[in-house]
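For reference, the structure discussed in these notes is given below.
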Protein chains: 2
Amino acid sequence: MAKGMDDTIAVRIGKALADRIISGAIEPGARLRQDHIAEEFNTSHVPVREAFRRLEAQGLAVSEPRRGVRVAAFDLGEVKEVAEMRAALEVLALRHAAPHLTSAILDQAEEATKAGDKSRDVRSWEEANRAFHRLILTPCGMPRLLATIDDLHAASARFLFAAWRSEWETRTDQDHRAILTALRQGNTESAAAILGRHVQWIGRKPVRTASGATREAFAIVG
Amino acid sequence: MAKGMDDTIAVRIGKALADRIISGAIEPGARLRQDHIAEEFNTSHVPVREAFRRLEAQGLAVSEPRRGVRVAAFDLGEVKEVAEMRAALEVLALRHAAPHLTSAILDQAEEATKAGDKSRDVRSWEEANRAFHRLILTPCGMPRLLATIDDLHAASARFLFAAWRSEWETRTDQDHRAILTALRQGNTESAAAILGRHVQWIGRKPVRTASGATREAFAIVG
DNA sequence: AACGCAGAAATTATCTATAACTTTGGATCG
DNA sequence: CGATCCAAAGTTATAGATAATTTCTGCGTT
């Protein structure tokens, strides 16, 4: 329970805010007022400001000097941009990770896939999906690459939660299974090709807005 | 000359420190002591701490809680990692930029290449090289991708300055010319392929250390 | 009714001060 | 002679306070 007890206060606040932004608890464009947040976390505003800088770097918040910081807005263009960046970088990571993948890791990845297929809500599906990608990419041993991919996953999750706020229909992930099969056969290039396409697949869904009209929602579903 | 006069103090300090780290004025592993830096810039330590968070996100500094922040160390592994990330992302950016490239832009890029070939020192070569890449990639219109590439260029420059501290021999950049030729012919895939190889070309050079021994220095030379 | 302009309230950015932690140097003990 | 412990100095992390800027609100004018 004492998760991150040794973390600095600024890091703890940063993680908490990131979680809220990703989950959609704070809406895009909403202002983040440092004194209010400081009061909520029972600290002064200094660590809050440091947390803001971290969120800014992750692309979750934007700051205008003397005008405060807001939750970053996003549109279909950014969804596509993140999808393409993930495709390029995850393929790179997989090529380097492949030689170090053990059957134990691939079994864990299969478990994650099954957990995703069983998920009844977006939140647990996202968790399982992220676990899958993490498992097969981490062995690449490239910390900077993995950190960048993590930030992109955070952005992806945000799009996902914004589009599928509460409704979610279970579906079996054929791509994950195909990737695992290719990896088990030692066919790295084939696995990389599937992963590259998989990550760029953008789900579309008509969503009823508060005003009753229907618009189309977009999110990366991989 | 009042560049960034409207920037916040934290941003100004961040840029100044980034410049020193990249140029090698501060060595890898050196401690960045907030009070000393605050005194130098005639500020308190609070904006200095914010600048630290930004440097951390850029991968130029590492911070251990309660133990201060140091200039990030790097090794051949990270040079290779950055080279591969640049290859993947710059190729992606070029594919999207290609349709928007005008002959005016390509002419500017050719000028940058000539400036690079004429450069007598590393610093001006790096500046010209970065201008070339920026010119042909910016029209992709993907801000997040470009920001990530910028950070990678900063890392590349750091490796470059560390290896070729003062000595530099002029050399004509055939890759840049080949890329421009392919782009002028509308052959995007060929240009992308050359760019991908170009960026991963790691220069090697024997360098005499302070103790008189010779070690091998590595840097991305594209 | 819409627009624009004070004045007031709220908020940001910074500085000064305080508390807590780490490291360092030296003295003591084995 | 070396290791260990203790104390002091230095440094980091947070808190509280201050000045300056922005935003909000209400009123008057067109």
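Just so it is clear: chains get the letters A, B, ... in the order the sequence lines come, proteins before strands, and each one is counted from 1. Remember, it's a predicted structure, so these values are computed and weren't measured experimentally.
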Completion exercise
Against the side chain of B/His36, the closest entry in C/dT14, D/dT11, D/dT21 is D/dT11
Problem - side-chain contact (heavy atoms from CB on, under 4.5 Å) partner of B/Val71, chosen from B/Leu17, B/Ile26, B/Leu55 - result: B/Ile26
Fill in the blank from the handout: Atom CZ of B/Phe52 and atom P of D/dT11 are separated, to the nearest Å, by 12 Å
Completion exercise
Taking D/dT14, C/dT14, C/dA13 as options, the one with an atom nearest any side-chain atom of B/Ile9 is C/dT14
Exercise for the section: Quickly work out the A/Gln34 CD to D/dA17 P distance and round it to whole Å. Expected result: 16 Å
Practice task
Select base, sugar-phosphate, or nothing to describe what B/Arg33 touches, counting heavy atoms under 4.0 Å on all strands.
Solution key: sugar-phosphate
Problem - B/Arg49 side-chain proximity, nearest of D/dA13, C/dT14, D/dT23 - result: D/dA13
Fill in the blank from the handout: From CG of B/Asp35 across to P of C/dT14 the rounded distance in Å is 17 Å
Problem - Derivation of the salt bridge (charged side-chain N to carboxylate O under 4.0 Å, His left out) call for B/Arg130 and B/Glu126 - result: CA-CA 6 Å; B/Arg130 189 164 30 131; B/Glu126 194 276 329; 3.2 Å; yes
Exercise for the section: Mind calculating the distance between CZ (A/Arg53) and C1' (C/dT14) to the nearest angstrom? Expected result: 13 Å
Handout entry: Nucleotide nearest B/Arg31 when distance is taken to its side chain, options D/dT11, C/dC21, C/dT14
Key = D/dT11
Exercise for the section: Taking only the side-chain nitrogens and oxygens of A/Arg67, find out if one of them lies under 4.0 Å from OP1 or OP2 of D/dT21. Expected result: no
Exercise for the section: Look at the side chain of A/His45 and the base of C/dT14, then say whether one donor and one acceptor between them are separated by less than 3.5 Å. Expected result: yes
Practice task
Would you kindly give the CD1-to-P distance between B/Ile37 and C/dC15, to the nearest whole Å?
Solution key: 15 Å
Exercise for the section: For the pair B/Glu50 (side chain) and A/Arg49 (backbone), establish whether a donor and an acceptor sit closer than 3.5 Å, ignoring hydrogens and angles. Expected result: no
Exercise for the section: Name the residue closer to the 5' end of DNA chain D, choosing between A/Thr43 and A/Arg70 according to the nucleotide with the nearest heavy atom. Expected result: A/Thr43
Exercise for the section: Please state how far atom CZ in B/Arg66 lies from atom C1' in D/dT14, giving the value in whole angstrom units. Expected result: 8 Å
Fill in the blank from the handout: The residue, A/Val46 or A/Gly68, whose nearest nucleotide of DNA chain C is more 5′ is A/Gly68
Exercise for the section: Step through it carefully: locate the ring centre of B/His45, locate the ring centre of B/His36, and say whether they are under 6.0 Å apart. Expected result: no
Practice task
Mind running salt bridge (charged side-chain N to carboxylate O under 4.0 Å, His left out) on B/Arg204 and B/Glu216 for me, showing each step along the way?
Solution key: CA-CA 7 Å; B/Arg204 294 147 195 272; B/Glu216 202 166 18; 5.0 Å; no
Fill in the blank from the handout: Rounded to whole Å, the CG-C1' distance (B/Leu32 to D/dT11) equals 13 Å
Practice task
Give the rounded distance in Å between these two atoms: CD of B/Glu39 and C1' of D/dT11.
Solution key: 14 Å
Handout entry: Among D/dT12, D/dG16, C/dC15, the nucleotide that comes nearest once only the side chain of B/Ser44 is considered
Key = C/dC15
Practice task
Would you mind telling me which of C/dC15, D/dT14, C/dT12 lies closest to the side-chain atoms of B/Pro47?
Solution key: C/dC15
